[in-house]
Amino acid sequence: MVGNQRNVETTNLNRCWKVIAMDKKKICVMGLGYIGLPTSAMFAAHGCKVIGVDVNEEIINALNKGEITIEEPYLDIMVQAAVTSGNLIADTKPHEADAFIIAVPTPITEDKKADMSYVVAATEAIVPYLRKGNMVILESTSPPGTVEELVVPILQKSGLKIGEELYVGHSPERVLPGKILWELVHNNRIIGGINRISSEKICELYRIFVRGEIYLTDVRTAEMCKVVENTFRDVNIALANELAKICERMGIDVWEVIELANKHPRVNLHQPGPGVGGHCLAVDPWFIVEKAPDLAKIIELSRKTNDGMPQHVLSRIDEILKDIGGVKRVSILGITYKPNIDDLRESPIVELIELMDKREEYEVRVYDPYVKNHKYRAKDLIEAVDGSDLVVLAVHHDRFKHLPLDDMARVMRNRIIFDTRNFLNKEEIEGKGFRYILLGNGANK
Ligand code: SAJ
């Protein structure tokens with residue numbers, strides 16, 4: 001035992017050692033989004049016959065031409081090869097197959113409850129195509145209990161004996177948008193079957209391309225594990241954001257505190273920011289709150305802390321521009337939920353812009369190289385900052401690392417840059433005559 005850390009190597013985890021060279025399987029993937037499409041292409045690239053199914057005809061038509069509708073490095077090449085080889089086709093309805101993978105969205109409703117309608121629809125859709133010996137794997141992140149309480153009752157309409165004639169389980173994806181193809185292969189994976197044979201059958205399927213460890217467990221543990229992984233990050237980001245606000249008030253640089261505290265061998269403070277976006281960290285913790293609202297207090301407060309960051313950023317903007325009368329022009333650089341991808345889902349910057357829209361004294365313009373259509377989007381960065389009083393670095397896209405400061409200085413009305421990601425070079429910016437302000441840095445005042 002090392003300190004209070006359990007030595008995970010001694011944990012009796014169920015590793016799936018089977019490396020079966022399966023004869024090439026036929027796989028039907030329900031949902032061709034950020035997970036379903038890369039997963040389909042990966043199985044196809046490994047010789048399986050894959051039918052990708054989606055309700056969006058635009059996605060189907062694009063895919064059958066070997067084109068993709070999402071931005072993910074190298075995915076276009078893999079999809080083109082898969083389609084050209086004839087191993088990947090797209091359709092609006094399922095086909096008979098050996099395995100059915102459900103990778104459809106599980107968003108949250110306004111009142112923070114899991115919207116399982118897509119999972120229900122996809123499960124209903126495959127029932128007529130199920131045959132003895134098939135397997136059904138739910139990949140969509142779902143509240144613990146979903147497979148047993150929601151999916152299995154629908155699958156029983158097939159007349160097949162669940163767990164004997166039809167193998168069922170949950171295998172959540174853990175890929176990081178922007179690194180999906182590499183992580184699909186190399187990440188460790190969890191498979192939770194409704195029984196042992198289901199876990200083993202599903203493990204054999206994923207062994208076709210997974211090179212990471214595969215750990216077997218029960219279905220409810222697998223469902224809980226997935227949401228806990230993202231909840232762990234969300235709670236830790238909330239701690240960093242709360243510390244940022246406290247440090248602003250106390251005249252301390254939270255970034256230096258985090259950097260130094262993390263020199264401790266067992267401390268891993270996360271990074272403050274303008275909020276938490278994405279269809280994962282901003283969503284999954286609510287699935288636990290829904291199941292145990294009386295107990296999930298830290299989890300719920302963390303979600304509310306992170307969701308409050310756009311309002312905090314706006315309060316800082318108010319303070320920075322308080323001496324400017326009339327219309328205040330603010331340029332927002334980046335609106336996606338994280339850098340170097342085009343995903344806007346749950347983006348805190350979209351929320352910040354909506355808050356500013358309600359304030360008549362602000363005129364907002366936006367520039368994000370990954371987002372082509374937004375109502376305030378300027379055609380380029382200089383147009384976005386022309387006449388501006390404040391530039392907010394909202395998303396740390398690589399392309400923003402070295403801003404065209406000389407050109408910006410020429411066109412801005414006031415030369416102020418507010419960095420919400422600790423991404424820009426303070427000395428470089430101040431050297432060009434700009435005022436540089438950093439979220440969470442009270443010593444910066
Ligand atoms: N963020 C911070 N501070 C940090 C880290 C992130 O403010 O220290 C913000 C980011 O700006 C972003 C949000 O959090 O707005 C989420 O970013 P992320 O990169 O942490 O998470 P995702 O949603 O892109 O991917 C996560 C990953 N889960 C974990 O790292 C535990 C990924 O492995 C999952 O597969 C994915 O969720 C998912 O689909 O569940």
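The model shown is predicted, which means the values in this text are computed figures rather than measured ones. Counting starts at 1 for both ligands and their atoms, following the listed order.
For atom 25 (O) of ligand 1, the nearest protein heavy atom (residue, atom name, distance) is L176 CD1, 3.5 Å. At the shortest separation from atom 6 (C) of ligand 1 among protein heavy atoms lies I237 CD1, 3.6 Å. Among all non-hydrogen protein atoms, the one lying nearest atom 28 (N) of ligand 1 is N230 OD1, 2.8 Å. Among all non-hydrogen protein atoms, the one lying nearest atom 3 (N) of ligand 1 is Q271 O, 2.8 Å. For atom 38 (C) of ligand 1, the closest non-hydrogen atom on the protein side is C280 SG, 2.9 Å. Nearest protein heavy-atom neighbour of atom 21 (O) of ligand 1: L281 CD1, 3.5 Å.
With ligand atoms numbered from 1 in the order given, ligand 1 contributes 35 (O), 38 (C), 39 (O) to contacts under 4.0 Å with heavy atoms of E173. Here is the list of ligand 1 atoms found below 4.0 Å of a heavy atom in E229: 31 (C). In the vicinity of P177, heavy-atom distances shorter than 4.0 Å reach the ligand 1 atoms 24 (O), 25 (O).
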Candidate pair T92 and V53, rule side chain to side chain contact (heavy atoms under 4.5 Å, CB included), full reasoning: CA-CA 5 Å; T92 54; V53 180; 5.8 Å; no

With side chain to side chain contact (heavy atoms under 4.5 Å, CB included) as the test, would you mind laying out the steps for H396 and T420 before giving the verdict? CA-CA 9 Å; H396 37 321; T420 69; over 6 Å; no

Applying ring-ring contact (aromatic ring centres under 6.0 Å, His included), run through F100 and H95 and close with a yes or a no. CA-CA 9 Å; F100 295 81; H95 295 202; over 10 Å; no

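Applying the ring pair (Phe, Tyr, Trp, His ring centres under 6.0 Å) criterion to F400, with sequence neighbours excluded, gives H397. For L405, the side-chain contact (heavy atoms from CB on, under 4.5 Å) partners are L403, M408, I417, E428, I429, K432, F434, not counting sequence neighbours.
When K338, R174, H396, R421 are checked for heavy-atom proximity to atom 11 (O) of ligand 1, R421 turns out nearest. Checking R233, M309, E346 against atom 20 (O) of ligand 1, the nearest heavy atom belongs to R233. Across the listed options S140, G277, P274, G277 owns the non-hydrogen atom lying nearest to atom 13 (C) of ligand 1.
A cation-pi arrangement, defined by a distance under 6.0 Å to the six-membered ring centre and an angle within 45 degrees of its axis, is present between R189 and Y206. For R435 and F418, the positive end is not near the middle of the six-membered ring at less than 6.0 Å and at most 45° from its axis. A cation-pi geometry, defined here as NZ or CZ lying under 6.0 Å from the six-membered ring centre and within 45° of its normal, holds between K401 and F423.
Contacts of I35 with ligand 1, taken as heavy-atom pairs under 4.0 Å, are absent altogether. Under 4.0 Å from ligand 1, the heavy atoms of K226 that appear belong solely to its side chain.
Heavy-atom separations between T141 and ligand 1 are all 4.0 Å or longer.
In terms of polar-atom proximity, defined here as any N/O pair under 3.5 Å, P348 makes no such contact with ligand 1. Close N/O approach between H270 and ligand 1 is not found [any backbone or side-chain N/O within under 3.5 Å]. By the 3.5 Å distance cut-off applied to N or O atoms, Y337 is counted among the residues near ligand 1.
Between E430 and K426, at least one side-chain nitrogen of the basic residue sits less than 4.0 Å from a carboxylate oxygen of the acidic one, meeting the salt-bridge criterion.
Within 6.0 Å of atom CZ in F209, more than 12 heavy atoms from other residues, nucleotides or ligands are found, so the atom counts as buried in its surroundings.
Shown are I335, V392, L344; of these, the side chain to side chain contact (heavy atoms under 4.5 Å, CB included) with I349 is made only by I335.
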